[in-house]
Structure formats: structure tokens, C-alpha cells
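See below for the structure under consideration.
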Amino acid sequence: MLTRKQHELLLYINKRLNEDGVSPSFEEMKEALRLRSKSGIHRLISGLEERGFIRRLPHRARALEVVKLPEQTAVAEKRGEGGKGFSPKVIQGDFKGALPGALVATNAEAVDLPLWGRIAAGTPIEALRDPSTSVTVPASMLGQGEHYALEIQGDSMVDAGIYDGDTVIIRACDNAENGAIVVALVDGQEATLKRLRRRGASIALEPANPAYETRIFGPDRVKVQGRLVGLIRRY
């Protein structure tokens, strides 16, 4: 099963091969998929190659060969829908209202989520939204709604099992229950991962490490950007 971006890239490469007889450059792929860097294209190409959908031809520049297409795409091409103007809608979903770069969970086995950058689990840092990098996660980890990933920097949430270098999966939302671990945007420019506590008219952002102090803000200074739903750790 391909991720949404892998599927989109495979169809684009196949279309260009049919039209021009040569695979597109990485720069053209980057522009077609609306990515900011070619590193994401390299990962997608590697994923397609590992799954047997494309093959790199040695000793030739820009030499990619499409070995096979997803079943639904292949059926469409047999019906004469391939080539110019061919754009099958294999993955369905309403993406209206999604945060920039965030993806809605589908029924695919794996999903590419945008990795927006490093978020401090200690001292807040400026929120980053970099759609040029992504992380592949099991679809079973995600519920309904838009999701994105962040890399943790710092140790203020270690007692909650969240360590420096971990990747957290966030479901985008603007509200969360008391006690939830959230991405909080402070004063419109600094983001941090903390446990949310409401104290009367104030909002407390609690660390999970006694070495750090709880910070308390007025309700107009804190905006919830998402709720923690998963974590990925590499050993």
C-alpha cells in the first residue's frame, strides 16, 4: 500500500514517461508535489523502489522505470484513461480547513505526515512549519482529523515518557480537555509541548520534570495547536 505522496509521485513519473519518454528531474518532481526541498523526493523514490513500483536504471541520468502501478490505476489505463489528462482519484477525503501541510488520516497502511520541525519540551521555541520533510507512521496510530509530527527538543516531559529526540504525533485541534498534553502556542510566536491545566481564568502549562516550573498565563496568551496522540522513538 502506498502513501498519498508516494502514489502522487508514481502517477506523475508515469505520466511524464508516457508523454516525454524520460523521467522528470528531481527539481520537477519537487515542484509537482509542492515540496520545498528535494530530500523529500529522495525518500519517496526510495520508498517506491523498495515496494517494487519503480526501478533505477544504472549509468543513465534521470533514468527511472515504472515497474507497476497500483491496481486501480492500471485498470484505468487499460480503459484508455492514461497519458495526458489522466488523474485518477484513488485516495479520497475532504481536506478543506486542514492546517497548512497537515494530512487527514486515511485507511492506508502507512501515512506520510509533515514533520514541522523541533519543538522544545523545555523552554519554548518559535513554532516551525517546514513541509519539506515528513515522517511515515502507521495509519492505525491516527484517528479522525488532521495530523502532523514534531521532533522533541529538551527533557521537560521525561516523566510522561517523552524524551529528547522523540518524534510526537499531534492531532490538530484548538481545544483539549484538562490534563491533556498539547502543543501550546504562547503569545502567538512560541510553541511548547506541555500538559494543559485550567486554573480559574488562567491556563497553566505543566512540565513532567520537577526540574522545570509550571508556567501560568492569561487565557488570551495561550492557543492550543494540537493534542498528543502518539510517539515514535528510534533506538
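If you're wondering where the values come from, they're calculated on a predicted model, not measured in any experiment. What's counted below: heavy atoms across the whole structure, side chains too, no hydrogens, waters or symmetry copies.
- In this structure, Leu193 and Met157 approach most closely via the heavy-atom pair O-CG, 3.6 Å.
- Side chain of Asn209 to backbone of Val158: no donor-acceptor contact under 3.5 angstrom is found.
- Using a 4.5 Å cut-off on side-chain heavy atoms (C-beta onward), Ile162 and Asp155 make no contact.
- Taken from CZ in Arg43 to OG1 in Thr136, the straight-line distance is 8.5 Å, to the nearest 0.5 Å.
- A side chain to side chain contact (heavy atoms under 4.5 Å, CB included) with Leu64 is found for exactly one of Val22, Leu17, Ile45, namely Ile45.
- The minimum heavy-atom distance between Pro114 and His147, with the atom names listed, is CD-O, 4.1 Å.
- Between Gln225 atom CD and Ile119 atom CD1 the span is 9.0 Å, to the nearest 0.5 Å.
- Taking OG of Ser23 as the reference point, atom CE of Met29 lies at 5.5 Å (rounded to 0.5 Å).
- Here the closest heavy-atom approach between residue Ala176 and residue Val182 is recorded as CB-CG1, 3.6 Å.
- A side-chain hydrogen bond (donor to acceptor under 3.5 Å, both in side chains) check over residues 160-173, counting only residues at least two apart or in different chains, returns the pairs Asp166-Arg233.
- Between atom CD1 of residue Ile54 and atom CD of residue Glu65 there is a gap of 10.0 Å, rounded to the nearest 0.5 Å.
- Proximity of a side-chain donor or acceptor of Glu31 to a complementary backbone N or O of Glu28 within less than 3.5 Å is not detected.
- In this structure, Phe53 and Leu48 have side chains that are in contact, with non-hydrogen atoms separated by less than 4.5 Å.
- Listed by first and then second residue, the ring pair (Phe, Tyr, Trp, His ring centres under 6.0 Å) pairs that reach into residues 29-50 are Phe26-His42, sequence neighbours excluded.
- Taking each heavy atom of Pro219 and Ala201 in turn, the nearest pair found is CD-O, 2.8 Å.
- Sparse packing is recorded around CD of Glu213, with 12 or fewer heavy atoms of other residues, nucleotides or ligands lying under 6.0 Å away.
- Asp159 meets the side-chain contact (heavy atoms from CB on, under 4.5 Å) test with Ala208, Pro210; sequence neighbours excluded.
- Placement of Leu33 and Leu10 within a single hydrophobic cluster is found when ILVMFWY residues are connected by side-chain heavy-atom separations under 4.5 Å, directly or transitively.
- Contact between Leu231 and Gly161 at its shortest, heavy atoms only, is CD1-O, 3.8 Å.
- Checking Glu49, Arg55, Arg51 one by one against Val67, the side chain to side chain contact (heavy atoms under 4.5 Å, CB included) holds for a single residue, Arg55.
- For Glu190 and Arg221, the salt-bridge test fails: no basic side-chain N is under 4.0 Å from an acidic carboxylate O.
- Side-chain N or O atoms of Asn178 include one that pairs as donor or acceptor with a backbone N or O of Arg198 at under 3.5 Å.
- Within a 6.0 Å sphere centred on NZ of Lys30, heavy atoms belonging to other residues, nucleotides or ligands number more than 12.
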>> Pair Leu196, Leu205 - check side chain to side chain contact (heavy atoms under 4.5 Å, CB included), show working.
In response: CA-CA 5 Å; Leu196 178 73; Leu205 299 178; 4.2 Å; yes
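- One finds the CG atom of Leu228 at 5.0 Å from the CD1 atom of Ile170 (value rounded to the nearest 0.5 Å).
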> Yes or no on side chain to side chain contact (heavy atoms under 4.5 Å, CB included) for Arg34 and Lys5, after CA distance, side-chain angles and deciding distance?
Replying inline: CA-CA 10 Å; Arg34 300 171 298 280; Lys5 280 296 184 184; 4.0 Å; yes
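- Using a 4.5 Å cut-off on side-chain heavy atoms (C-beta onward), Leu150 and Val183 make contact.
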>> Run the side chain to side chain contact (heavy atoms under 4.5 Å, CB included) test on Val222 and Phe217 for me, step by step, so that the C-alpha distance in whole Å, both residues' side-chain angles and the decisive distance to 0.1 Å come before the verdict.
In response: CA-CA 7 Å; Val222 176; Phe217 302 93; 3.6 Å; yes
>> Please evaluate residues Ser202 and Ile216 with respect to the criterion side chain to side chain contact (heavy atoms under 4.5 Å, CB included), reporting the C-alpha separation (whole Å), side-chain torsions for both, the decisive distance (0.1 Å), and the verdict.
In response: CA-CA 7 Å; Ser202 300; Ile216 300 176; 3.7 Å; yes
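- Looking at heavy atoms from C-beta onward, Asp112 lies out of side-chain contact with Arg4 at the 4.5 angstrom threshold.
- Counting only heavy atoms from C-beta outward, the side chains of Pro207 and Thr214 approach each other to under 4.5 Å.
- Shown here for Arg227 and Cys173, the closest heavy-atom pair between the two residues is N-SG, 3.7 Å.
- Electrostatic pairing of Glu206 and Arg215 does not count as a salt bridge here, judged by no charged N lying under 4.0 Å from a carboxylate O.
- A salt bridge between Arg16 and Glu19 is absent, with no side-chain N of the basic residue lying under 4.0 Å from a carboxylate O of the acidic one.
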